[in-house]
Engineer: 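Sharing a structure here in structure tokens format.
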Amino acid sequence: MSITTWSPLRELETLRERMDKLFAEMNGMPMLAFEPSSLALDVQETDEAVVVTASVPGFKPDDLTVEINKGVLTIRGESKAEREEKKGAWRLQERRFGSVQRAITLPAAVYDDEAKATLADGVLTVTIPKSDRTPTRRIDIEKQ
């Protein structure tokens with residue numbers, strides 16, 4: 001006989017997944033493969049650059065958009081449903097379409113026009129060279 005530990009948090013997560021599926025089915029909406037905030041990121045700052053790594057399994061380069069605007073990096077992805085019609089009925093179909101989006105404030109001033117992005121094995125890597133510009137500006141105080 002083996003002993004397993006019981007975790008109430010695991011039970012709540014299972015309940016949440018079941019409720020999400022129930023509500024989606026009641027609304028006639030397909031289940032999304034990804035929640036809008038489910039894009040997992042790693043942000044690393046080196047001496048030369050800010051490197052952001054995101055897990056985007058199943059996405060193609062054309063499905064992704066990477067933007068930098070005023071020190072905020074935004075990654076968006078949209079996975080489209082690919083249906084292949086065959087004779088017979090579906091017994092199980094869990095792969096759906098969906099979208100992900102994540103925006104983060106970059107930890108340093110960067111040269112956004114020199115950013116590079118690569119996608120390999122479901123991992124998006126965005127490398128943005130750090131700027132030597134000082135993002136802060138001193139404001140003199142006038143005496144009245």
Engineer: Could you go step by step and tell me if Leu106 and Ile68 meet the side chain to side chain contact (heavy atoms under 4.5 Å, CB included) rule?
Structural biologist: CA-CA 9 Å; Leu106 296 171; Ile68 301 173; 4.2 Å; yes
Engineer: What's the spacing between Asp63 CG and Ser99 OG if we round to 0.5 Å?
Structural biologist: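 Going from the CG atom of Asp63 to the OG atom of Ser99 covers 11.5 Å.
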Engineer: With sequence neighbours excluded, what pairs up with Val123 under the side-chain contact (heavy atoms from CB on, under 4.5 Å) test?
Structural biologist: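 Applying side-chain contact (heavy atoms from CB on, under 4.5 Å) to Val123 gives Thr53, Thr125.
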Engineer: Do Val110 and Pro129 come close enough that some side-chain heavy atom pair is under 4.5 Å?
Structural biologist: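 Not in contact.
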Engineer: What is the distance from atom CD of Gln101 to atom OG1 of Thr65, rounded to the nearest 0.5 Å?
Structural biologist: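 The OG1 atom of Thr65 is 9.5 Å from CD of Gln101, to the nearest 0.5 Å.
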Engineer: Under the side chain to side chain contact (heavy atoms under 4.5 Å, CB included) criterion, do Val66 and Leu73 qualify, and how do the steps go?
Structural biologist: CA-CA 7 Å; Val66 179; Leu73 172 70; 3.7 Å; yes
Engineer: Measure the spacing between CD of Gln44 and OG1 of Thr127 and express it to the nearest 0.5 Å.
Structural biologist: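 The OG1 atom of Thr127 is 9.5 Å from CD of Gln44, to the nearest 0.5 Å.
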Engineer: About how many Å separate CD1 of Ile128 and CG of Asp112, when rounded to the nearest 0.5 Å?
Structural biologist: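 Interatomic distance, Asp112 CG to Ile128 CD1, rounded to 0.5 Å: 8.5 Å.
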Engineer: Output every pair passing salt bridge (Lys or Arg N to Asp or Glu O under 4.0 Å) with a member in residues 39-54, not counting sequence neighbours, ordered by first then second residue.
Structural biologist: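 Every pair satisfying salt bridge (Lys or Arg N to Asp or Glu O under 4.0 Å) with a residue in residues 39-54: Glu45-Lys130.
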Engineer: Drop me the distance from Ile75's CD1 to Leu41's CG, to the nearest 0.5 angstrom.
Structural biologist: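 Going from CD1 on Ile75 over to CG on Leu41, the span is 5.0 Å.
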Engineer: Any non-hydrogen side-chain atom of Ile104 less than 4.5 Å from a side-chain atom of Val72?
Structural biologist: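 No. Closest side-chain heavy atoms not under 4.5 Å.
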Engineer: Check side-chain hydrogen bond (donor to acceptor under 3.5 Å, both in side chains) between Glu114 and all other residues, then give those that pass, not counting sequence neighbours.
Structural biologist: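 With sequence neighbours excluded, Glu114 shows a side-chain hydrogen bond (donor to acceptor under 3.5 Å, both in side chains) to no residue whatsoever.
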Engineer: Which residues pass the side-chain hydrogen bond (donor to acceptor under 3.5 Å, both in side chains) test with Glu67, not counting sequence neighbours?
Structural biologist: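 side-chain hydrogen bond (donor to acceptor under 3.5 Å, both in side chains) list for Glu67, sorted by chain: Arg76.
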Engineer: Find out whether Asp132 and Tyr111 are in side-chain contact, i.e. whether some heavy atom of one side chain is under 4.5 Å from a heavy atom of the other.
Structural biologist: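 The answer is yes; the side chains approach within 4.5 Å.
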Engineer: Any idea which heavy atoms bring Leu124 and Ala117 closest together, and the distance?
Structural biologist: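 For Leu124 and Ala117, the tightest heavy-atom pair comes out as CD1-CB, 4.2 Å.
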Engineer: May I ask you to test the Leu64-Val56 pair for a side-chain heavy-atom distance under 4.5 Å?
Structural biologist: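 Side chain of Leu64 against side chain of Val56, heavy atoms only: contact under 4.5 Å found.
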Engineer: Tell me, do Phe59 and Val100 make a side-chain contact under 4.5 Å, heavy atoms counted?
Structural biologist: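 SC-SC contact between Phe59 and Val100 confirmed.
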Engineer: So, the side chain of Arg102 versus the backbone of Leu39: is there a donor-acceptor pair under 3.5 Å, distance only?
Structural biologist: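 It does hold such a pair.
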